[in-house]
K.L.:
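Below are the structure tokens for one structure; questions will follow.
Computed from a predicted structure; not experimentally measured. Each chain gets a letter, A, B and so on, in the order its sequence line appears, and its residues count up from 1.
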Amino acid sequence: MPDRYDPRTVEARWRQVWRERAEAARGVPEADGRGSGDRLPRPGRRKHYALTMFPYPSGDLHIGHWYAMVPADVHARYHRMRGADVIFPIGFDAFGLPAENAAIKRGIHPHRWTMANIERMRDQLRTMGAAFDWDREIVTCDPEYYRWNQWLFLRFFEKGLAYKKFAPVDFCPNCNTTVAREQVVGPDRLCERCDTPVVRRDLDQWFLRITAYAEELLHMDGLDWPERVLTMQRNWIGRSEGVEFSFTVRERPECRFDVFTTRIDTIYGVSFCVLAPEHPLVDRITAPAHRHAVAAYKEQAARRSEIDRLAAERERTGVFTGAHAVHPLTGEPVPVWIGDYVLLTYGTGAIMAVPAHDERDFEFARRYGLPVPVVIQSPDAAPGAAAAAAYTGAGIMIRSGPYTGLASEEGRRRLTEDMEARGIGRRQVNYRLRDWLISRQRYWGTPIPIIHCPRCGAVPVSDAELPVRLPEDAQFLPTGESPLKFHAGFRNVPCPRCGAPAARETDTMDTFVDSAWYQYRYLSPHCAVAAFDPVAAAAWLPVDQYTGGVEHATMHLLYTRFFTKAMRDIGLTPLDEPMPRLFNQGVILGENSEKMSKSRGNVVNPDDIVARHGADAVRVYLMFIGPWDAGGPWNPQGIEGAVRFLQRVWRLAATAPWNTPVMPEAAAETERVRRLLHRAVASVTTDLERFGFNTAIATLMGLVNDLYAYLAAGGGGAVAHEAIRSLILLLAPFAPHLAEECWQLLGGAGAVHDQPWPEYDPALIASDAVTIVVQVNGRLRTRIEVAASLPEDAVQAAALRSPRVQEALGGARPERVIVVPGRLVNIVVRH
RNA sequence: GCCGGGGUGGCGGAACGGCAGACGCGCUCGACUCAAAAUCGAGUGUCGCAAGACGUGCGGGUUCGAAUCCCGCCCCCGGCACCA
């Protein structure tokens, strides 16, 4: 027996064993093509579907992947030892721009580039020692995967949930494609992928109607998700309730425009209206004298969305159209302006402006000398004072006709009801959420299965023709244009309906479509007759525990919820939510507590560290750094602690003297050790339930320290054996290789990961002697040892008797004594 | 500006309203060794010889007792931000 554990040889050996066992256990594919094989949960077993967000095959597995996947693996392994039938699939999010960029730059076909990367990452993932179900692997660029993206798209299309629309969209000039609203980040409107500012373009694009589910997506009661993700989704959807009503144009009574407001209580304070510059009515209502100015402003506004982005101080500008709108309640005319602070894409593209009670309108009115009538009395402003700033809070309505004197909330209710009753307004709910733009002008994605016929319009490809495959012989040129556009064989096809020459759609789908339903495909990855086998789906779904980064809060996590709801309404699943439980891990930082990046030179390469210390040490250290959701800096010396800990465990298993009897001097310690063990089992178990990996490892370290002390004091025998055996089982999810090795050293039968999780005896956790903290006026003075069963008054008496307490009291009479059973006595005196 | 999450030794971090600093890193000392590494043991919040005092971003409060609860501030991280 060597005197040191050598992870390099041992880990590789066990990985080989696991691989052989997995091969042997692999089921024979079923002849009917359902493809779920024999992998359904066994009768009588609890099922557990663990899912970690699949990686993009960039070609290198970095420490962030380890940080995301290792604790997910530990949790899944723990459930397996608790007797659940666990699936823990893995795959690759294999479509996307880097592959295509490599093709343009280096002439490697995206498919070859991607597959070579996957090849390499599979090996790296294997060194992690995670219990992934490799026979469920999915690769989204495989036509057998993306044909089901197309199939689902066609179902969405039939339901009116997928449609093509000519609209202003966000375009990334670096990625040379349009992107979805969710993929535009921050006030500078940067592309989520490459940080380039996006520009606005008017294009004909495919959308998925996620807004049809805006209301339902706000129902999050059943979701055990981090609060911040729920908040981000809520903000993103941006529901607001108000009233929609219309104004008639005085000069052109046939022209009316709608406005939306959440503050109908301020309607008597309207002093002008503003239309978005692109509003369709603008040209018709503009008076001849103002045509020139209006045209110039429209021109400037159109350009402004593309240039001059860094002028973050947005000034509210506009021009007068010369037209007036008739106030629906007072009949007074108010001027109609256009201004680019009003967005065509939200609400009705027009607003009633109430400068006294809206900051933007106030600034606009100031700039152009428009009146600012106050109609809400602020509780702390002098009545009748001119407004120095917009007051946007609640108050008493003034100068508001029959509503004068009402509280603004009450006025809001009454006005809504009255306007609805009179047929001049209606309750309206607006959402900030926009439909999901899925068109991408790139090659390396799922072709959208539509053919454009000059006569029949957009005609779906029939299911039997799926998949619409990407042509392999595309030309990758640095022109910024999609290769599909110029591929005659791909593009020129007859119309499926009338046979006339037609053009295939050349846009491909956003890669977020791939991951919007991948959790279904994992259940029957080889299913050739459907997107997934409903029997397998019924048995395994929903996902019991989903884990991944928070960066997907308003993208993937919103899209996948939408997909499940849409799939439910199509009749594909009974589920309302695909992932009821979500946990977000934190980010692992460089040694200097900064984000890891090549330019900062603080990148930690897991391959190097694994080569030096072994995968188990990396696993244990990553989980020990701190709470999983907090992330934290990588400390290169910190891993030494994990290495030492694992060596100490191995030495216990390899050399502990449990054949020898307990020395008499250690006999008294034996009961204590047994108690420590049972406490450790309890503590590690609850920690694993709540993702407390760092404290679970701390507990295991403490147990190892206790065992060393016990053995050094002459302990051994059955208790030592039980303790070491349980220790190995508790450690098995964290350090799977070492645990297998130690299990074998202990003579355990079978695989350590097939063993049941250790049980603990609650009676042993509550010890019979307890240490009571004694305080005087809340300050610690002494501790006393008493029997746990000692009644309260006896504990109190014992505390009062103690010399240190007597000294601290200095003869004073205790005024009050608080006894917390089993914990503490606090004696209160007045001096 | 609004919404989340944080602020505890030299460092990463522990702590159902009840012993602040578990566990680890680092450091100090000791054992083993010709020596070193490895390993094992002891110590390690600050001030103090000690008794003790002081300590969880700052200021208040509730409580017998507050890192933990409440109020007001400061700072850091993340998200949203012309959404009418």
Side-chain angles (χ1 to χ4, degrees), chain A residues 3-4 185-187 226-236 238-240 242 259-263 266 274 276 312 314-316 339-343 345-354 357-361 363-364 392 430-434 550-551 553-554 586-587 589 591 593 620-621 624-627 629-642 644-645 647-648 651 683 692 694-705 708-709 712 771-783 807 814-820 822-829:
Chain A
D3 61 350
R4 247 186 105 73
V185 181
E227 194 51 46
R228 63 178 163 159
V229 176
L230 299 179
T231 305
M232 281 157 85
Q233 292 205 346
R234 243 178 249 125
N235 291 343
W236 190 259
R239 182 184 203 275
S240 64
V259 299
F260 171 75
T261 180
T262 56
R263 291 295 305 273
T266 64
V274 186
R314 302 223 192 187
E315 297 192 331
R316 269 142 215 137
D340 68 359
Y341 81 96
V342 174
L343 309 172
T345 46
Y346 182 79
T348 60
I351 61 160
M352 65 172 205
V354 184
H357 306 294
D358 181 281
E359 279 158 23
R360 298 152 298 180
D361 298 344
E363 196 196 304
F364 194 88
T392 58
N430 265 328
Y431 302 92
R432 213 187 68 116
L433 183 71
R434 308 289 158 73
V550 73
E551 66 274 15
T554 55
V587 178
L589 304 170
E591 198 182 339
S593 296
V620 167
Y621 178 60
F624 185 66
I625 284 176
D629 56 353
W634 172 271
N635 175 359
Q637 280 174 324
I639 186 123
E640 305 283 352
R644 278 199 274 267
F645 165 62
Q647 288 289 348
R648 277 161 73 79
R651 272 202 306 279
S683 160
N694 58 328
T695 48
I697 290 170
T699 300
L700 293 175
M701 287 173 166
L703 179 61
V704 168
N705 293 346
Y708 267 73
T771 305
I772 302 286
V773 169
V774 183
Q775 300 177 329
V776 175
N777 286 340
R779 285 170 188 280
L780 175 72
R781 290 302 158 184
T782 189
R783 295 153 221 256
E807 196 181 310
E815 189 167 297
R816 198 175 150 187
V817 181
I818 290 111
V819 181
V820 182
R823 301 193 74 104
L824 138 161
V825 176
N826 188 15
I827 299 152
V828 185
V829 292

K.L.:
List in chain and number order the residues that pass side-chain contact (heavy atoms from CB on, under 4.5 Å) with A:D629, two or more places apart in sequence or in another chain; answer none if no residue qualifies.
P.N.:
A:F583, A:P627
K.L.:
Would you call A:R648 and A:N705 a side-chain contact if the rule is heavy atoms closer than 4.5 Å?
P.N.:
yes
K.L.:
For A:D340 and B:A84, what is the distance between atoms CG and P respectively, to the nearest whole Å?
P.N.:
18 Å
K.L.:
Which heavy atom of A:M352 sits nearest a heavy atom of A:T261, and at what distance?
P.N.:
CE-OG1, 3.5 Å
K.L.:
What's A:T345 touching, base or sugar-phosphate or nothing? Going by heavy atoms closer than 4.0 Å.
P.N.:
nothing
K.L.:
Any sub-3.5 Å donor-acceptor pair from A:Y621's side-chain atoms to A:N635's backbone N or O?
P.N.:
yes
K.L.:
Which nucleotides of nucleotides 23-33 of chain B have their base under 4.0 Å from a protein heavy atom (B), which only their sugar-phosphate (S), and which neither (-), written as one string 5' to 3'?
P.N.:
BSSS-------
K.L.:
Using the salt bridge (charged side-chain N to carboxylate O under 4.0 Å, His left out) criterion, which residues pair with A:R228? Sequence neighbours excluded.
P.N.:
none
K.L.:
Which atoms form the tightest heavy-atom contact between A:V259 and A:T348, and what is the distance?
P.N.:
CA-OG1, 3.3 Å
K.L.:
Partners of A:R434 by side-chain hydrogen bond (donor to acceptor under 3.5 Å, both in side chains), sequence neighbours excluded?
P.N.:
none
K.L.:
With respect to the phosphate group of B:A81, does any side-chain polar atom (N or O) of A:R432 fall under 4.0 Å of OP1 or OP2?
P.N.:
yes
K.L.:
Roughly how many Å is it from CG in A:L433 to C1' in B:C80, rounded to a whole number?
P.N.:
14 Å
K.L.:
Take A:D361 and A:R316, measure what side chain to side chain contact (heavy atoms under 4.5 Å, CB included) needs, and give me the verdict at the end.
P.N.:
CA-CA 8 Å; A:D361 298 344; A:R316 269 142 215 137; over 6 Å; no
K.L.:
Any idea if B:G9 is syn or anti, going by the 90°-from-0 cut?
P.N.:
syn
K.L.:
I'd like to check the side-chain contact (heavy atoms from CB on, under 4.5 Å) partners of A:F645; sequence neighbours left out, ordered by chain and number.
P.N.:
A:V620, A:V649, A:L700, A:M701, A:V704, A:L731
K.L.:
Taking only residues two or more places apart in sequence or in another chain, which ones pass ring-ring contact (aromatic ring centres under 6.0 Å, His included) with A:F364?
P.N.:
A:F272, A:W337, A:Y341, A:Y368
K.L.:
Under 3.5 Å, which N/O atoms of the protein pair with N/O atoms of nucleotides 53-56 of chain B?
P.N.:
from: B:C54; atom 1: OP2; to: A:R779; atom 2: NH1; distance (Å): 2.9

K.L.:
Once side-chain hydrogen bond (donor to acceptor under 3.5 Å, both in side chains) is applied, do any residues pair with A:T699, and if so which ones, sequence neighbours excluded?
P.N.:
A:S683
K.L.:
Encode nucleotides 1-9 of chain B as B, S and - characters from 5' to 3', where the letter depends on protein heavy atoms closer than 4.0 Å: B to the base, S only to sugar-phosphate, - to neither.
P.N.:
--SS-----
K.L.:
Restricting to side-chain contact (heavy atoms from CB on, under 4.5 Å), what partner residues turn up for A:A696, sequence neighbours left out?
P.N.:
A:V684, A:D687, A:F734
K.L.:
Measuring to OP1 and OP2 of B:C40, would you say a side-chain N or O of A:R651 lies under 4.0 angstrom away?
P.N.:
yes
K.L.:
Which residue lies toward the 5' end of RNA chain B, A:Q775 or A:T262, if each is placed at its nearest nucleotide?
P.N.:
A:Q775
K.L.:
Need to verify one output field. Residue with the more 5' nearest nucleotide on RNA chain B, A:S593 or A:Y708?
P.N.:
A:S593
K.L.:
Would you mind telling me which of B:C82, B:A14, B:A84 lies closest to the side-chain atoms of A:R316?
P.N.:
B:C82
K.L.:
Only counting residues at least two apart or in another chain, list the ones meeting salt bridge (charged side-chain N to carboxylate O under 4.0 Å, His left out) with A:R651.
P.N.:
none
K.L.:
Give me the distance, rounded to whole Å, that separates B:G12 from B:C73 when you measure between the C1' atoms they each carry.
P.N.:
29 Å
K.L.:
Minimum heavy-atom separation for A:S240 and A:Y346, please, with both atom names.
P.N.:
OG-OH, 3.0 Å
K.L.:
List RNA chain B stems (3 or more consecutive Watson-Crick/G-U pairs, under 3.5 Å)?
P.N.:
B:1-7 with B:74-80, B:10-12 with B:23-25, B:26-31 with B:39-44, B:45-47 with B:52-54, B:57-61 with B:69-73
